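Structure record follows, encoded as structure tokens.
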Amino acid sequence: MPGVLVLHSPAETLRRVPQVVLGLVLFGLGVAMMLAADLGVAPWDVLHQGLAQTSGMSVGSVIIGIGVLLVAAFVPLRERVGPGTVLNVLIIGTVVDATLPWLSTVDAVAARSALMLGAPVMVALGSGLYIGGGLGPGPRDGLMTAFARRGFAVWKVRTAIELSVLLVGAALGGRVGLGTVWFVVSIGPLVHRALPWFTRPEVRDPH
């Protein structure tokens, strides 16, 4: 059975929490920027947006709900939950709902394009902070790594998952567009660049 992923001592975990929280806030802001630009969103957010439109829920609530379901899937997949996993579920969707209303007031094409271009940068910075904090995988990344641990190539698992959520989300009315393409091609290199800036060194417990 899966359990709690213990990565650090309680004191070290507390020292890392502010970095992880900041990263998740920036991640949520990046998601809201892409949604507000309305020029196409990241694959997972195509699903979130499509479900929000069909259910009448807010996008942030859908993000939280999907996160909860994915963490529940950790049980049969025997994936462990870290404190960062729980924070991920709670914070990103909350930030999206808090920031999207005022970002959505932007109407000019130039401003919307700027939001679209800047969103992956914000998500990458948030990802670097969150992943670099080392408090456990997000629910979506945990799903990917759970299958990868069973012998599947990571890139194949990620491609299959993201293509699936993109297709389902598009069928439900999620927005696929230039922003989707920009996010897909830019996020990998941007996270690769940001991660070394924020990765904290491993601290060995003297006990």
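What you see is a predicted model, and the numbers here were worked out from it, not measured in a lab.
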Inset, instruction - Check whether any side-chain heavy atom of Arg140 lies under 4.5 Å from a side-chain heavy atom of Asn88, and answer yes or no. - result: yes
Inset, instruction - Verify the cluster assignment for Met144 and Val184: are they in a single hydrophobic cluster under the rule of side-chain heavy atoms below 4.5 Å apart? - result: no
Inset, instruction - Please assess Trp44 against Ile63 for the test side chain to side chain contact (heavy atoms under 4.5 Å, CB included), listing each intermediate value before the final yes or no. - result: CA-CA 9 Å; Trp44 271 103; Ile63 291 173; over 6 Å; no
Inset, instruction - Look only at the side chain of Arg78 and the backbone of Phe74, and say whether a donor-acceptor pair between them is shorter than 3.5 Å. - result: no
Legend entry - Within one Ile-Leu-Val-Met-Phe-Trp-Tyr cluster: Val165 and Phe152, side-chain cutoff 4.5 Å: yes
Legend entry - Under 3.5 Å: donor-acceptor pair, side chain of Tyr130, backbone of Val25: no
Legend entry - Heavy-atom pair with the smallest gap, counting every atom of Met34 and Ala42: CG-N, 4.3 Å
Inset, instruction - Just jot down the side chain to side chain donor-acceptor pair (under 3.5 Å) partners of Thr99, sequence neighbours excluded, or say none. - result: none
Inset, instruction - Identify the two heavy atoms, one from Gly133 and one from Arg16, that lie closest to each other, and give their separation to 0.1 Å. - result: O-NH1, 2.9 Å
Legend entry - Considering all heavy atoms, the nearest Leu195-Thr199 contact: O-OG1, 2.8 Å
Inset, instruction - Using a cut-off of 6.0 Å, state whether more than 12 heavy atoms not belonging to Arg158 lie near its atom CZ. - result: no
Inset, instruction - Find the distance between CD1 (Ile161) and NZ (Lys156) and round it off to the nearest 0.5 Å. - result: 14.5 Å
Legend entry - Spacing of Leu129 atom CG and Phe27 atom CZ [to the nearest 0.5 Å]: 12.0 Å
Legend entry - Cluster check Met122, Trp102: I/L/V/M/F/W/Y, side chain < 4.5 angstrom: yes
Legend entry - Nearest-0.5 Å distance that lies between atom OG1 in Thr54 and atom CE in Met57: 10.0 Å
Inset, instruction - Would you confirm whether Trp197, through its side chain, and Gly128, through its main-chain N or O, come within 3.5 Å as a donor-acceptor pair? - result: no
Legend entry - Main-chain N/O of Gly177 paired with Thr180 side-chain donor or acceptor, under 3.5 Å: yes
Inset, instruction - Return yes if some donor-acceptor pair links the side-chain N/O of Gln49 with the main-chain N/O of Val59 below 3.5 Å, else return no. - result: no
Inset, instruction - Mind running side chain to side chain contact (heavy atoms under 4.5 Å, CB included) on Gln53 and Leu172 for me, showing each step along the way? - result: CA-CA 8 Å; Gln53 291 178 2; Leu172 293 173; over 6 Å; no
Legend entry - Partner of Leu29 by side-chain contact (heavy atoms from CB on, under 4.5 Å), out of Ile92, Leu125, Val96, Leu103: Leu103
Legend entry - Leu39 with Val185, same ILVMFWY side-chain cluster at under 4.5 Å: yes
Legend entry - Nearest heavy-atom neighbours spanning Ala194 and Ala124: CB-O, 3.6 Å
Inset, instruction - Flag yes if Val20 and Val17 sit in one hydrophobic cluster, no otherwise; membership is Ile, Leu, Val, Met, Phe, Trp, Tyr, and two members link when side-chain heavy atoms are under 4.5 Å apart. - result: yes
Inset, instruction - With the side chain counted from C-beta on, respond yes when Asp107 and Arg112 share a heavy-atom pair under 4.5 Å apart, and no when they do not. - result: no
Inset, instruction - Would you indicate whether the side-chain heavy atoms of Val86 and Val71 approach each other to under 4.5 Å? - result: no
Legend entry - Over all atoms of both residues, closest heavy-atom pair of Leu100 and Ala36: CD1-N, 3.8 Å
Legend entry - Nearest-0.5 Å distance, CE of residue Met33 to CG of residue Leu26: 10.5 Å
Inset, instruction - With rounding to the nearest 0.5 Å, note down the distance linking CG in Leu77 to CZ in Arg150. - result: 5.0 Å
Legend entry - Nearest heavy-atom neighbours spanning Thr85 and Gly136: OG1-C, 4.0 Å
Inset, instruction - Output yes when a side-chain donor or acceptor of Gln19 lies under 3.5 Å from a complementary backbone atom of Phe198, and no otherwise. - result: yes
Legend entry - Atom pair CG (Leu166) and CG (Asp45), whose distance is rounded to the nearest 0.5 Å: 11.0 Å
